[in-house]
Structure formats: structure tokens, C-alpha cells
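Read through the structure below, which is laid out as C-alpha cells, and then see the notes.
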Amino acid sequence: MLSMDLFRNEADKIRADHDKRGISHERIDQVIDLDEQWRGALKEMEEGRRERNQAARGIADAKKSGDKEEADRIMAQVKDLGERIAALDEKANSLLEERDHIRMRIPNLLHDAVPKGDDESGNTQHSLHGDKPEFEFEPRTHNELIEMNKWVDLERAAKIAGSRFFFLKGDLARLELALQTYAVDFLVSRGYTFVQPPVMMNRQAYEGVTDLSDFETVMYGITPDPLYMIATSEHPLTSMYMDEVIEPSLLPIKMVGVSPCFRREVGAHGLSDRGIWRVHQFTKIEQIVISHPDDSWDHHEDLLQNCVDLWDNLGLHYEVVNICTGDMGTVAARKYDLEAWLPGANAFKEIVSCSNCTDYQANRLRMRYRTAEGNAAVHTLNSTAVATSRALVAIMEQNQLEDGRVTVPDCLVPLMGGKTHLEPCQW
RNA sequence: GCGGCGAUCGCAUAGCCUGGCCAUUGCGUCGGAUUGCUAAUCCGAUGGGUCUUCCCACGGGGGUUCGAAUCCCCCUCGCCGCGCCA
């Protein structure tokens with residue numbers, strides 16, 4: 001959510017941003033109009049309260065000096081003031097609610113370097129990494145590999161949970177655990193603190209970190225409790241300091257979180273989504289930074305560099321993409337994706353998303369730091385380190401051998417008990 | 001889950017029983033003054049708002065009242081005890 005200061009003093013900045021995104025100014029004007037109405041109603045109500053407070057003091061004085069008649073006279077005089085105040089209060093509140101209802105739907109201001117584009121086809125390549133693997137045989141898709149090696153049981157998972165759930169078995173399950181350990185160790189060595197978050201959150205905190213439409217299409221709700229399963233550890237880790245004033249000496253707060261991620265994936269279809277590429281539950285190792293506003297763009301580059309180094313160490317071929325206006329979403333001001341080369345699909349596909357959300361989440365979460373001039377919103381950043389299910393797909397497809405076995409990336413071998421290849425599961 | 005107790009400004013606290021000035025004090029932080037010593041001492045500021053002779057704010061919501069931090073009800077969270085439990 002954008003701060004009200006922007007609407008009151010620099011509305012043209014928001015308008016220019018909407019022009020770049022190609023959306024109308026209607027909502028901006030509504031927010032400004034409702035804000036003016038709210039301020040008027042508030043002023044009127046405060047005037048009423050001032051009168052009442054004054055009268056209340058008069059009653060106290062009269063009673064103290066024993067002048068019961070005077071006290072009764074004033075009480076009668078101001079009796080209906082309370083009702084008037086209540087009515088004005090209600091009016092002001094509904095104006096404020098309406099203003100912020102619309103304001104919540106206005107997207108973050110974009111960084112200048114965000115390219116213009118209507119959809120993902122407008123994204124631009126930022127850099128290319130690793131070598132494209134060459135095969136002397138027809139490379140298999142990950143679907144074929146998990147089936148022939150019995151590493152994943154989709155049918156039985158569907159039986160007990162539903163489609164897009166999976167059992168992970170044998171060496172591939174072990175590789176998944178090695179990836180978690182590797183990514184956490186890697187980021188701990190770069191100064192990040194390992195944090196395991198709750199995997200359910202209440203609505204109020206959740207509204208602080210996500211696009212409202214996600215409640216319909218992404219998150220699972222819990223019945224009968226008013227909770228939501230997290231779609232990523234970004235959500236609990238970013239909202240951790242909700243409603244707090246953070247001591248500036250604590251900034252930047254750098255965390256590496258690991259959690260299962262739950263996604264409804266409403267509306268997702270397609271042959272390429274078979275297997276474990278797009279699933280309802282997966283594990284993700286996530287980087288989070290809560291930073292001083294002046295430093296956030298440096299941290300954004302650091303997050304990307306961490307990803308690049310980590311994925312280089314895994315020995316994979318991938319590209320970094322600069323996300324364009326039409327593919328950006330509501331919350332981020334700038335976003336890089338890493339897309340891994342999938343030989344089976346003959347395409348680059350998304351494995352990492354690295355965002356600077358500037359003060360957008362912090363404004364919603366009322367997450368501030370102390371300054372000499374008062375409190376100001378912090379900046380929040382998040383980036384995937386490894387989404388294990390997608391990393392497994394990339395490793396399987398790029399490191400596959402003709403017999404269907406898969407070479408373990410060197411850096412993971414020690415975490416696999418010295419095992420250099422994934423062997424088929426017996427059942 | 002049951003019973004008891006609690007929640008006040010960054011932290012810690014007073015006020016609540018018995019409703020009515022401006023929500024107390026300490027620490028921390030920031031600013032200033034001063035002193036020859038790694039610091040001490042003194043002064044000031046330090047919840048939010050449309051930064052203001054004004055309004056709001058005492059976990060959240062409702063009620064009683066001319067008036068609620070204070071009385072009543074509901075909820076949330078925490079602590080202690082009991083129960084259950086990986």
C-alpha cells in the first residue's frame with residue numbers, strides 16, 4: 001500500500017506510474033477525493049469532541065464546588081452532543097474504510113529500470129549462466145524420469161489428498177533434503193539467520209503481505225479456524241515485525257527461512273504442468289531482508305547475487321530475467337526471475353523470483369524504524385533461494401544419463417553420504 | 001480443554017478498589033549544556049493524527065454514563081496450576 005503522503009503531495013508520481021503500467025487514474029482520484037472528505041468529517045467530529053470535553057470539565061468543576069444546579073444545567077445542555085459525535089464518527093470511519101479499500105488495490109511504484117511490456121513476453125534477459133547441456137541421446141522430460149525411477153508417486157498421493165500432491169521417494173527425496181541443507185548453510189555463511197516460521201497465519205497479518213486476490217486463488221483457508229496456510233515463508237517472515245517500531249541498529253534484518261508452501265493453483269492447467277513442476281505443496285528456502293529504505297536497492301542486487309552463486313554451484317544452465325510492467329503484480333517495485341533450462345521441455349522455466357517490495361508491505365503492516373524526525377516505513381525484500389520441487393526438476397533434466405540415472409551436483413555429494421548418482425527406487 | 005491472574009507509550013512501571021486537572025516514574029534513545037579523561041552530571045525531547053492553545057490513544061470490540069485506563073459484557077494474547085500430548 002502506498003503511503004498517504006504520496007497521494008497528498010506527489011500524486012503525479014503515482015499517475016506517471018499508472019501510465020507506464022497502462023492503467024487508468026480512476027482509483028488515484030477516488031482515493032484523493034475520499035481522503036479530502038474524510039479529513040473534513042474528522043475535523044467536524046473533533047470539533048464536537050472538543051465541545052464535549054470542555055463541557056465535561058465544566059461539570060467536574062461545578063460538582064467540585066458543590067454547585068449542583070450548574071452541573072445539572074450543563075449536563076442537560078450537552079446531552080445530545082454524544083449522539084452527534086457518534087454519527088460523525090461513523091461517517092468518518094466509513095470514508096476512511098472506503099479510501100483504504102481502494103488504496104489497497106493500487107500497485108506499488110515501479111523502479112525506473114523496469115521494462116515496459118504487456119505480459120511475460122515483455123520480460124528482458126539480464127544475464128545468461130552456465131553451459132547448455134548437450135546429450136548424445138534424446139533427453140527425457142522429468143515426468144518420464146520420475147516414473148521410470150519410481151521416485152515420485154502421484155497416483156497414491158491423488159488417492160489420499162488429490163491431484164497435484166506427491167510422495168517423494170528414495171534417492172530423489174534424499175536429494176531434496178540435501179538441497180535444503182545446502183541452501184541454508186550457504187546463506188548462513190553469508191550472514192543470514194536461519195528461521196523456521198509458523199505455516200499458518202491469520203487474515204490480518206496476511207493482508208499485509210499479499211495481493212488481496214490471492215485469497216481467492218492461492219491460499220488455503222483452514223476450517224473452522226480463521227487461518228490460512230502460507231504460500232511461502234516470505235509471508236510469515238515479512239510480517240514478523242508487524243505493528244512494531246524497529247530499532248535502526250537492528251537493520252538490516254537478514255533471514256533464511258525454510259517451510260512447506262501451500263498453493264491452491266486455481267486456474268492452472270497444461271501438459272507442461274504435469275509431474276512435480278506445479279504442485280499444491282512444496283518446500284522452499286527463502287531469503288528475506290528487512291532494510292533501511294536507503295539500502296534496499298543494494299540488498300536487492302545482493303539477493304540476486306546470492307542466487308546466482310548458489311545456482312552456479314549447482315552447475316546448472318539458467319538465465320536471469322528482468323520482469324516487465326505487465327508481469328510485475330501489485331506488491332513488487334522490481335523483480336528478477338531465474339529461469340532454468342529444461343532440456344525435456346526445450347525451454348527456460350521459472351525457478352526463482354527475487355523482489356524488492358520497497359515500503360509497500362511495510363505500510364500495510366505498520367512496520368517502521370525510528371528516526372530523529374519520527375518513524376518511517378522500512379523496506380522489505382524477498383527472494384527464493386531454492387524451491388526444491390523445481391530445483392529437482394532442473395537437476396533431473398540437465399544431469400540425466402542415458403540409462404535414466406541422474407548425476408548429483410558436486411556440492412550436494414557430501415550431503416548425500418558420498419552418493420554421486422541417483423539410483424532408481426525399488427518400489 | 002478447565003481454573004486463577006494479568007495486558008498502560010521502545011522496555012519496565014504508577015494510576016483501577018472509590019469514574020472527572022494535562023496518564024506517573026525509571027531505563028533506553030535523540031538533542032543541548034557543562035566538566036580534562038573510555039565517562040559522569042544537568043536541562044529538554046521521545047505513542048498517533050490534519051504536528052495543533054485541538055483531537056485521539058491505556059491489548060481488541062461493544063455497553064453503562066454528561067464523562068471510562070478506571071465499572072459491566074464478549075474476544076484475543078500472555079503467565080501460573082491442572083488435564084491431554086509428539
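Computed from heavy atoms alone, side chains included, the values below leave out hydrogens, waters and symmetry copies. Convention: sequence-line order gives letters A, B, ...; per-chain numbering from 1.
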- Rounded distance in Å - CH2 (A/Trp38) to C1' (B/U50): 7 Å
- Message: For A/Thr358 and A/Asn108, which I'm curious about, is there any donor-acceptor pair between the side chains at under 3.5 Å?
- Response: yes
- Query: How long is the line joining OH of A/Tyr369 and C1' of B/G10, in whole Å?
  - Reply: 16 Å
- Message: Below the 4.0 Å mark, does B/C54 have OP1 or OP2 next to a side-chain nitrogen or oxygen of A/Arg49?
- Response: no
- note: A/Asn9, atom CG; B/U50, atom C1'; distance rounded to Å ~ 12 Å
- Message: If I take atom CG in residue A/Asp5 and atom C1' in nucleotide B/G48, what distance separates them, rounded to the nearest angstrom?
- Response: 14 Å
- Tell me, do A/Pro260 and A/Met229 make a side-chain contact under 4.5 Å, heavy atoms counted? no
- Task: Take the protein atom CG of A/Leu250 and the nucleotide atom P of B/U29, then report the distance between them rounded to whole Å.
- Result: 14 Å
- Nearest 0.5 Å please: distance from the OH atom of A/Tyr360 over to the CE atom of A/Met104. 8.0 Å
- Message: Quick check: on RNA chain B, is the nucleotide nearest A/Met4 upstream (toward 5') of the one nearest A/Val245, or the reverse? Name the residue that is more 5'.
- Response: A/Val245
- Now, which nucleotide makes the Watson-Crick or G-U wobble pair with B/C51, with each of the two distances under 3.5 Å? none
- If pairing requires Watson-Crick or G-U wobble contacts with both distances under 3.5 Å, which nucleotide is the partner of B/A33? B/U41
- Message: Tell me which nucleotide, if any, is Watson-Crick or G-U wobble paired with B/U76 when both distances must be under 3.5 Å.
- Response: B/A7
- Same-atom distance (P) from B/A7 to B/G59, integer angstrom: 8 Å
- B/U52 C1' sits how many Å from A/Leu42 CG, rounded? 13 Å
- Message: Nearest whole Å is fine: how far is B/U29 P from A/Arg368 CZ?
- Response: 20 Å
- Query: How far, in whole Å, is B/G15 from B/C9 if one measures between their C1' atoms?
  - Reply: 15 Å
- Describe the nucleic acid contact of A/Ile246 in one word from base, sugar-phosphate, nothing, applying a heavy-atom distance below 4.0 Å. nothing
- Using the P atom as the reference point in each nucleotide, state the distance between B/C30 and B/C82 in Å, no decimals. 46 Å
- Task: May I ask which nucleotide in the shown strands pairs with B/A14, Watson-Crick or G-U wobble, both distances under 3.5 Å?
- Result: none
- Determine the Euclidean distance between corresponding C1' atoms of B/A57 and B/G47; express it in Å to zero decimal places. 7 Å
- Looking only at side chains, do A/Gln305 and A/Glu301 share a donor and an acceptor under 3.5 Å apart? no
- Item | Base partner of B/G28, which must satisfy Watson-Crick or wobble distances under 3.5 Å | B/U46
- Message: Let's test this: given Watson-Crick or G-U wobble pairing with both distances under 3.5 Å, identify the partner of B/U64.
- Response: none
- Pairwise P distance, B/C22 and B/U18 [rounded to whole Å]: 24 Å
- Task: Could you tell me which nucleotide pairs with B/G1 by Watson-Crick or G-U wobble geometry, both distances under 3.5 Å, or answer none if nothing does?
- Result: B/C82
- Query: So, A/Thr232 and A/Lys284: side-chain donor and acceptor under 3.5 Å apart, yes or no?
  - Reply: yes
- Query: If you measure only the distance, is there a donor-acceptor pair under 3.5 Å linking the side chains of A/Glu234 and A/Gln361?
  - Reply: yes
- Query: Taking the side chain of A/Arg39 as its heavy atoms from C-beta onward, which of B/C54, B/U50, B/G67 lies nearest to it?
  - Reply: B/U50
- C1' spacing across the pair B/A23 / B/C56, given as an integer number of angstrom: 14 Å
- Using the P atom on both, measure B/G44 against B/U25 and round to a whole Å. 11 Å
- Tell me: CZ of A/Arg8 to C1' of B/G49, nearest whole Å? 9 Å
- Item | side-chain contact (heavy atoms from CB on, under 4.5 Å) partner of A/Ile290, chosen from A/Leu251, A/Asn382, A/Thr238 | A/Leu251
- Query: For atom P, what is the distance between B/A68 and B/G61, given to the nearest Å?
  - Reply: 15 Å
